[in-house]
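Scroll down for the structure; my scribbles are underneath it.
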Amino acid sequence: MPATPHDQTFSGHVAIVTGAGSGIGRATAVAFAEAGAHVLGVGRRAEPLKETAAAHANIEFLATDVCADGAPVKVVGAAVERWGRLDHLVNNAGATAVMPMAETDKQTIVDLFALNVVAPSLLAREALPHLRRTSGTIVNLSSTYGHRPMAGGAHYAATKAAVEQMTRSWALELAADGVRVNAVAPGPTRTDVMLHAGLTPEAADDMYAYERDRIPTRRIAGAEEIAHWILRMADPAGRHATGQVITVDGGLELI
Ligand SMILES: NC(=O)c1ccc[n+]([C@@H]2O[C@H](COP(=O)([O-])OP(=O)(O)OC[C@H]3O[C@@H](n4cnc5c(N)ncnc54)[C@H](OP(=O)(O)O)[C@@H]3O)[C@@H](O)[C@H]2O)c1
């Protein structure tokens, strides 16, 4: 849900949002900008990032692979050089993979962990000195399947379980510094994530239809509904919450 025009909760703040060219990342970048923050949107492809930046004057972008050597320095440096501070790191860039055990493939595992676990870790390390100065926040993206089993997706689920444990451990480590670390765990959300995982549009539609029938509220979330909770976890008014994983999945985790 976008902020109202009068909601300037993040006025003067600076946020980095990875994976800002599509889906949840784009919705988050726009929501932060509408709530007054300067936003650096990051992703590999410049074209979708340009579209995100066109949605609000407060959004600038950097096209880079967050898994590349030197990327964390480049990303954090770009935000701090532009605006002189950093308040929020949203580790949203991520990927999924359908991979039953019989088809276990080494490169797929390595790539999933590089993007979903290693890159957010190194970005967090680079952001930390700046977040200490602003009593800032890190919001990581997990999934319902970070704490529920996923047949046919064990390694995706394992990366998100790692994200949840990093969230809790970092929160404990950094609490005394005033840096909060939380995670949002979406359930099935209508984005291009399944297309990016190699599914055809028909297969993705079938998957969403199957999931919708299982979700207690009988609906698939929109990206803006997840962005709403990402902003709530970053909101200074929520300063007493740290180390939490908020699941936003229409009750799917409960069944
Ligand atoms: N949609 C869901 O149902 C769902 C459910 C649970 C959790 N999640 C999580 O939510 C997050 C966002 O997912 P989404 O659904 O919005 O997916 P998406 O539309 O596929 O977005 C992922 C974004 O990450 C960027 N990205 C991928 N690899 C990158 C890299 N190496 N360096 C920089 N950027 C990279 C992509 O842009 P480029 O290709 O241009 O780099 C893309 O904009 C992910 O962490 C995902 O696991 C999604």
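This chain uses plain numbering: 1 for the first residue, then up along the sequence. Read the numbers this way: they start at 1 and go in the same order the structure lists the ligands and their atoms.
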Starting from [atom], which protein heavy atom do you reach first, and at what distance in Å?
| atom | result |
| --- | --- |
| atom 34 (N) of ligand 1 | Gly43 CA, 3.5 Å |
| atom 29 (C) of ligand 1 | Arg44 NE, 3.5 Å |
| atom 45 (O) of ligand 1 | Asn92 O, 2.8 Å |
| atom 40 (O) of ligand 1 | Arg45 NE, 2.7 Å |
| atom 31 (N) of ligand 1 | Asp65 OD1, 2.8 Å |
| atom 46 (C) of ligand 1 | Lys160 NZ, 4.0 Å |
| atom 22 (C) of ligand 1 | Gly94 O, 3.8 Å |
| atom 6 (C) of ligand 1 | Pro186 O, 3.2 Å |

Has [X] got any heavy atom lying under 4.0 angstrom from an atom of ligand 1?
| X | value |
| --- | --- |
| Thr96 | no |
| Tyr145 | no |
| Pro48 | no |

Nitrogen or oxygen of [X] less than 3.5 angstrom from that of ligand 1:
| X | result |
| --- | --- |
| Thr191 | yes |
| Ser22 | yes |
| Val66 | yes |
| Ile24 | yes |

Q. For Glu47, which of Arg45, Arg44, Lys50 qualifies under salt bridge (Lys or Arg N to Asp or Glu O under 4.0 Å)?
A.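 Exactly one option meets the salt bridge (Lys or Arg N to Asp or Glu O under 4.0 Å) with Glu47, and it is Lys50.
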
Indicate whether any N or O donor in one side chain lies under 3.5 Å from an N or O acceptor in the other, for [X] and [Y].
| X | Y | result |
| --- | --- | --- |
| Glu164 | Ser142 | yes |
| His88 | His13 | yes |
| Glu253 | His147 | yes |
| Asn140 | Thr167 | yes |
| Asp249 | Thr144 | yes |

Q.
Test of understanding: given a 4.0 Å heavy-atom threshold, classify the contact between His196 and ligand 1 as side chain, backbone, both, or neither.
A.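 For His196, only side-chain atoms sit under 4.0 Å from ligand 1.
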
(Q) Once you restrict to heavy atoms under 4.0 Å, what part of Thr64 touches ligand 1? Side chain, backbone, both or neither. (A)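 Near ligand 1, Thr64 shows its backbone, while the atoms from C-beta on stay back.
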
Q: Give the single entry among Gly187, Ser142, Ser143 that approaches atom 9 (C) of ligand 1 most closely by any heavy atom.
A: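 Minimum heavy-atom distance to atom 9 (C) of ligand 1 goes to Ser142.
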
Q: Report the member of Thr189, Val90, Asn140, Asn116 with the shortest heavy-atom distance to atom 2 (C) of ligand 1.
A: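 The residue whose heavy atom sits nearest atom 2 (C) of ligand 1 is Thr189.
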
Q) If you measure from CH2 on Trp170 to CG on Leu128, what distance do you get to the nearest 0.5 Å? A)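 Trp170 atom CH2 to Leu128 atom CG measures 10.0 Å (nearest 0.5 Å).
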
Q: Spell out, yes or no, whether Ile59 and Leu86 are grouped together once hydrophobic residues are joined by side-chain heavy atoms under 4.5 Å, including indirect joins.
A: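 No, separate clusters.
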
Which heavy atom in [X] sits nearest to a heavy atom in [Y], and how many Å separate them?
| X | Y | result |
| --- | --- | --- |
| Gly19 | Asn92 | O-ND2, 3.3 Å |
| Thr52 | Ala29 | CG2-CB, 4.0 Å |
| Ala63 | Leu49 | CA-CD1, 3.9 Å |

Q. Hey, which atoms in ligand 1 end up nearer than 4.0 Å to a heavy atom of Gly19?
A.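 Near Gly19, meaning under 4.0 Å from one of its heavy atoms, ligand 1 has 23 (C), 24 (O), 25 (C), 43 (O).
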
Q.
Please list, in number order, the atoms of ligand 1 under 4.0 Å from a heavy atom of Pro188.
A.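 Close to Pro188: 3 (O).
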
Q) Under the side chain to side chain donor-acceptor pair (under 3.5 Å) test, which residues partner His130, sequence neighbours left out? A)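 Arg133.
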
Q. Hey, are Arg212 and Asp205 close enough for a salt bridge, meaning a charged N less than 4.0 Å from a carboxylate O?
A.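 Looking at Arg212 and Asp205, the cut-off is not met.
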
